[in-house]
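Here's the structure, in structure tokens; my notes come after.
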Amino acid sequence: MTATETPVAPSGQHLLELVELPPLALRVREHVLRMTLGGGCFVGASLSCADLLVHLYGRVLRVSPETLSSPDRDYLFLSKGHDVPALYATLAELGFMERSRLAQHLKTSDSLYWHPNRDMPGVEFHSGSLGHQLAVALGVALDIRLRQGTNRAFVILGDGELDEGSVWEAALVAGALGLENLVAVVDRNGFQANARTEELLPLEPLEDKFRAFGWACRSLDGHDFGALEGAFQEVPFAPGRPSALIARTLRGKGVPSLEGRVDRWFARYGGPEVEALIRELHGGPRADLTGDGLVVR
Amino acid sequence: MTVTYEQALGALAAAHEDIVVMTAENRAPIRGLPAALGPRFVDVGICEQTMLGAAAGLALRGRTPVVHALAAFLTMRAFEFVRTDVGIGRLPVKLVGYIPGVLSEANGPTHQALEDVALMRGIPGMQVFCPADESELVEALPVLCADRAPCYIRYNAAPPVSPHASGFAPGRAEVLGEGGRVSIFTYGFLVREALKAQTLLKAEGVPARVINLRMLKPIDEDAVLDSARAAELVVTLEDHFLVGGLHSIVAELFVRRGLLRPVLPIAFEERWFKPALLEDVLEFEGLEGGAIARRILRALALAPGKGESTWPMG
């Protein structure tokens, strides 16, 4: 798109039908598993987030490959930046970039590395340092309101990320400003890098915390597309308040041998291991991998 | 009638819809702006990090945020947001740091921004502007706001120090006087004390040139090199730590260009300064014109052109 072209405004249409989401989510998960090759990626974290991203881009966000520069688009900020494999996979499957580009992961000839950046089409801002993007999204939501726009700013946060005080500072400001076009989605998978959240820094009662900061807050199963559909249709959850959706998710979701494990936040696998994991993703036998070459954190 | 910073910013914002004024409860320099700007004035409360993140978000939407907070907290409490969101993002956010250096007066070391130049200049793409008085601040403001680079402004709204030799131009210093023996490089509030020292030195038969750098990044390298070569003694004068400020900038430039000159650094070395009212700080810390002149005379007397570079710290 040249600088002189007016950006195409998003239509009201969703990119996908609800029934198309589960097969898309499966393809996204396959891409995530393939990105564990070579240098590895944050596989467990990305798998918990995959359904949220699929649902948001397929059914909620008014943005498409044609409208990704429109000032009227909905914004998604991936504050939990290390989930970027799931974001890139979703964007690739929906045509924001070529699927083949995912094979450039970690190559110096392209810009696909362990956190998102604006060189990649569809990415709104670079992230990676936890606790930043709620404030950034707040600024975007504020400007939209200044311009009397109807578009929204969504932020995906990790639950471990909620340890960062800057998240709560931004929440305090957002609540005070009453930004009802701001929506935070928490990928509540119960894990942070090395521990369960509730064993390290317990977050519960989490809904109460958001409400205390002036937000309207709900919880649901973050892997249930029907529940997600219902919830996002009701955003903002309360007039004059920002909305927080606590999405209960499972780290490593979709691959039983990776699910719910503290030591599968980041992983690097070899070719045969990835194929075994993909077979397991599609209902095959457990790929309980314990090879010497396995690199996990 | 001189234009105040508040009036200048207000006029700029009235003429340019992209300007959004933000503050983390630092209202002193801009009390009239909330009423004047309405929704384009945002006070986030005592939330410097959120202010910077939100400024980045506003800038992504095409706004030019002008954010205000005390210099120490703007540059340190929110440093990561400045560097990561504004810096990496290369966004046109203007950061106005209030009461930097000695201007924090009796607040004490917690409020003393003596490393702000060091921190801000280290961010790729960040400009650093240090006005000597309100007239320079007002003159530069439209130019800086039009520039798409992020910029840190070491806020100083002191009364004009003297008729200025030249108008503001980015990356251009103001050279005051034609000195032979001494070149005093300085910026910000201490320009006025450097000019007092210049007058006293002249009375002692020591012509001195004062170079008001105005911008420390990008710095006027030609002015620095020309004035350094022309003098017997170079003085760097700043209300900043010795590490990372003007002295370091000058030293780095000399090394890059293979220039070796005797340099007398006047800065705070490994300590914070005595909290007091402004004029008392200057006197106590040897930063008023007379004390500066005496330090320069002593330095000249100790090693008249012998080429030794070990200068005493005043």
Side-chain angles (χ1 to χ4, degrees), chain A residues 7 68-73 75-77 79 81 111 115-119 123-149 151 153-155 164-179 181-182 213-214 242, chain B residues 13 16-25 34 37-67 69 73 76-95 123-125 148 150:
Chain A
L68 52 74
S69 305
S70 167
D72 299 324
R73 69 186 184 278
Y75 290 75
L76 178 96
F77 291 93
S79 194
S111 299
H115 295 98
N117 63 84
R118 278 193 293 170
D119 289 343
V123 174
E124 296 294 356
F125 206 45
H126 57 280
S127 59
S129 174
L130 298 174
H132 279 243
Q133 308 247 297
L134 188 57
V136 176
L138 185 162
V140 168
L142 184 59
D143 183 76
I144 291 171
R145 187 167 77 178
L146 284 175
R147 299 185 188 280
Q148 281 138 23
N151 38 339
F154 292 77
V155 198
E164 287 284 357
S166 57
V167 172
W168 298 101
E169 190 187 275
L172 194 65
V173 176
L177 291 172
L179 287 167
N181 59 349
L182 181 62
F213 280 69
Chain B
H16 299 277
E17 189 228 25
D18 59 303
I19 289 185
V20 174
V21 176
M22 304 182 80
T23 188
E25 258 231 288
L37 299 182
R40 278 193 292 137
F41 178 91
V42 183
D43 188 343
V44 295
I46 312 171
C47 299
E48 294 86 354
Q49 295 174 355
T50 298
M51 178 171 71
L52 265 303
L58 284 160
L60 285 177
R61 291 277 300 173
R63 301 282 188 179
T64 302
V66 183
V67 312
F73 313 128
M76 290 187 284
R77 196 60 151 276
F79 178 77
E80 199 204 297
F81 287 70
V82 175
R83 169 267 196 192
T84 290
D85 297 318
V86 175
I88 294 175
R90 304 223 175 230
L91 294 170
V93 176
K94 314 299 158 181
L95 300 106
I123 298 173
R148 298 295 82 195

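Naming: A, B, ... by sequence-line order, numbering from 1 per chain.
Interface remark: Ile144(A) contributes backbone and side-chain atoms alike to the contact with chain B (heavy atom separation under 4.5 Å). Within the 4.5 angstrom heavy-atom criterion, only side-chain atoms of Leu60(B), from C-beta onward, approach chain A. For chain B, no part of Ala137(A) is nearby; none of its heavy atoms comes within less than 4.5 Å.
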Inset, instruction - Starting from the C-alpha separation in whole Å, work towards a yes-or-no answer on side-chain contact (heavy atoms from CB on, under 4.5 Å) for Glu17(B) and Arg147(A). - result: CA-CA 11 Å; Glu17(B) 189 228 25; Arg147(A) 299 185 188 280; 3.7 Å; yes
Inset, instruction - Apply side-chain hydrogen bond (donor to acceptor under 3.5 Å, both in side chains) to His132(A) and Gln49(B), showing your working. - result: CA-CA 8 Å; His132(A) 279 243; Gln49(B) 295 174 355; over 6 Å; no
Legend entry - From CA spacing to verdict: side-chain contact (heavy atoms from CB on, under 4.5 Å), Phe125(A), Leu91(B): CA-CA 11 Å; Phe125(A) 206 45; Leu91(B) 294 170; 3.9 Å; yes
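Annotation: maximal heavy-atom pairing with chain A below 4.5 Å, among Gly89(B), Gly45(B), Ala59(B), occurs at Gly89(B). With respect to chain A, the highest number of heavy-atom pairs below 4.5 Å among Pro65(B), Ala56(B), Cys47(B), Ala55(B) belongs to Cys47(B).
Under a 3.5 Å cut-off, the side chain of Arg61(B) and the backbone N or O of Leu142(A) do not form any donor-acceptor pair. Between the side chain of His126(A) and the backbone N or O of Thr84(B) there is at least one donor-acceptor pair closer than 3.5 Å.
If you run side chain to side chain contact (heavy atoms under 4.5 Å, CB included) between Val44(B) and each of Val173(A), Leu172(A), Leu177(A), only Val173(A) comes through.
Residue Ile88(B) holds its CD1 atom at 8.5 Å from OG of Ser129(A), rounded to the nearest 0.5 Å. The distance from the CE atom of Met51(B) to the CG atom of Leu138(A) is 13.0 Å, given to the nearest 0.5 Å. Expressed to the nearest 0.5 Å, how far CG of Leu146(A) lies from CG of Leu58(B) amounts to 7.0 Å.
Of all non-hydrogen atoms in Phe81(B) and Ser166(A), the two that sit nearest each other are CZ-CB, 3.7 Å.
Considering only residues two or more places apart in sequence or on other chains, Arg118(A) meets the salt bridge (charged side-chain N to carboxylate O under 4.0 Å, His left out) condition with none of them. Listed by chain and residue number, nothing satisfies the side chain to side chain donor-acceptor pair (under 3.5 Å) test with Glu48(B) (two or more places apart in sequence, or in another chain).
Atom CZ of Arg40(B) has more than 12 heavy atoms from other residues, nucleotides or ligands within 6.0 Å. Other residues, nucleotides and ligands contribute only 12 or fewer heavy atoms inside 6.0 Å of the CZ atom of Arg83(B).
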